Chemist: 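Take a look at this one; I'll ask things after.
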Amino acid sequence: MTAPIVAVIGGGQLARMMTGPATELGVTLRVLVESPDAAAAASAHQIVVGMPGDADAVAAVLDGADVVTWEHEHIPAAVFEAAAQRGIPAFPSAEALAFAQDKIVMRERMDALGAPNPAWAPVHTHDDLDAFLAAHGGVAVLKTARGGYDGKGVRVVRSAVEADDWIAAAAEGGPRLLVEQKVAFTRELSAQVARTPQGNVVAYPVVESTQRDGICAEVIAPAPGLDPLLAAAAQGLAITIAMELDVVGMLAVELFEVDGSVVVNELAMRPHNSGHWSMDGAVTGQFEQHLRAVLDLPLGDVTPTAPWTVMANVLGGSREHLASALGEVPDSGAKIHLYGKDVRPGRKVGHVTVAGDDLEHTLSRAREAADIVRDGAPRRATATGGEA
Ligand code: ADP
């Protein structure tokens with residue numbers, strides 16, 4: 001039997017991190033990378049260089065593939081059509097992915113499902129926004145429906161004039177806008193599930209994620225002190241969303257915890273930053289699980305392998321050559337993942353994972369390792385100290 005070929009559209013770190021599990025499973029990973037120096041270009045078994053809008057490149061990546069999947073949401077309809085013409089399954093489907101591509105479409109669907117949404121409204125005019133602000137305490141979160149990531153496309157507003165530029169852009173055919181109540185959350189959670197085309201589903205433990213400047217900085221698995229009933233409810237919600245939206249592959253439901261309940265923030269239909277911990281902290285990591293799901297293989301065991309796993313992102317930093325960090329991180333059990341990307345301020349260039357029995361100790365070791373990778377020295381103090 002020849003190795004199954006999984007085609008992936010998008011050459012960032014998420015595609016890169018599928019390669020290890022693909023190799024282990026005997027799967028050929030063929031990736032459409034945006035440029036020869038994209039993060040996945042150096043790791044994938046086969047690459048095609050091109051953009052998702054380039055029909056020839058898409059044809060090349062699909063040729064002989066068993067299934068095609070995505071590492072980001074920006075997939076043109078033509079890619080789905082090209083896959084359908086060749087009889088290649090595309091997961092998640094165009095219909096499912098629409099709910100991760102567009103926050104208005106997602107909010108409408110969550111309302112229809114009875115899933116917990118914050119108050120929200122579409123915004124076409126200044127009056128729409130001012131009316132929402134007046135009804136919700138004078139402050140709200142304005143978002144572009146499409147194209148946002150890492151907090152770009154999200155703005156806290158107190159008056160419609162603060163949104164002049166976005167409202168003008170939307171009127172000229174730019175991304176549609178929606179406004180949401182500013183949720184007074186106690187923390188952010190993420191509930192990840194995997195689902196196969198036949199409908200088999202598994203749920204990972206619910207994790208806590210901490211954002212800095214709109215970018216995920218740290219994840220703790222499982223979410224400390226989370227009420228088991230709320231954890232089960234969040235997992236159940238993610239399973240319901242996966243089933244109702246017919247998601248195949250990994251689904252992350254980003255949640256706000258507020259007053260002993262959860263509210264949906266957004267959906268991601270792919271491996272997600274909030275699930276990187278599982279590569280080193282669960283029997284089956286999310287990248288292996290995604291491959292298993294889209295190939296319609298039995299799903300893997302999601303049991304954690306340690307009481308606590310902490311993932312800390314390496315965001316930007318002062319090093320030109322991150323690889324030199326490998327010799328400097330003490331042997332503290334930290335697993336280091338570098339994405340082979342150029343360092344730019346705030347850019348996700350890698351992450352570290354530490355697993356352990358004691359949460360505080362595990363957290364401080366993960367932070368210290370991430371700081372050393374980033375800057376060559378721990379910037380924050382460890383368990384006994386505060387921010388340096
Ligand atoms: P992105 O698509 O860029 O990931 P999100 O919609 O996840 O954007 O928003 C980024 C961050 O902004 C969230 O992680 C959260 O911290 C904050 N945020 C988003 N929506 C709200 C909201 N309705 N209320 C309060 N904070 C919000």
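All of these numbers come straight from a predicted model, not from anything done at the bench. Order of appearance sets the numbers: ligands from 1, and atoms from 1 within every ligand.
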Chemist: If we ignore hydrogens and angles and just use 3.5 Å, is the side chain of R30 paired with the main-chain N or O of Q46 as donor and acceptor?
Modeler: no
Chemist: Please tell me if the side chains of R155 and T144 come closer than 4.5 Å, counting only heavy atoms from C-beta onward.
Modeler: no
Chemist: Contact between R176 and D102 at the side-chain level, heavy atoms closer than 4.5 Å - yes or no?
Modeler: yes
Chemist: Nearest 0.5 angstrom please: E162 CD to I167 CD1, how far?
Modeler: 10.5 Å
Chemist: Do D63 side-chain atoms and A60 backbone N/O form a donor-acceptor pair below 3.5 Å?
Modeler: no
Chemist: side-chain contact (heavy atoms from CB on, under 4.5 Å) with M51: which residues, sequence neighbours excluded?
Modeler: E34
Chemist: Protein N/O near ligand 1 N/O, under 3.5 Å, which pairs?
Modeler:
unit_1	atom_1	unit_2	atom_2	d
ligand 1	2 (O)	K103	NZ	2.8
ligand 1	2 (O)	E266	OE1	3.3
ligand 1	2 (O)	E266	OE2	3.1
ligand 1	3 (O)	D150	N	3.2
ligand 1	3 (O)	G151	N	2.6
ligand 1	4 (O)	E266	OE2	2.7
ligand 1	6 (O)	K103	NZ	3.2
ligand 1	6 (O)	K143	NZ	2.8
ligand 1	6 (O)	N265	OD1	3.4
ligand 1	7 (O)	N265	ND2	3.0
ligand 1	7 (O)	E266	OE2	2.9
ligand 1	8 (O)	K103	NZ	3.4
ligand 1	14 (O)	E188	OE1	2.7
ligand 1	14 (O)	E188	OE2	3.4
ligand 1	16 (O)	E188	OE2	2.6
ligand 1	20 (N)	K143	NZ	2.9
ligand 1	23 (N)	E180	OE1	2.9
ligand 1	23 (N)	Q181	O	2.9
ligand 1	24 (N)	V183	N	2.9

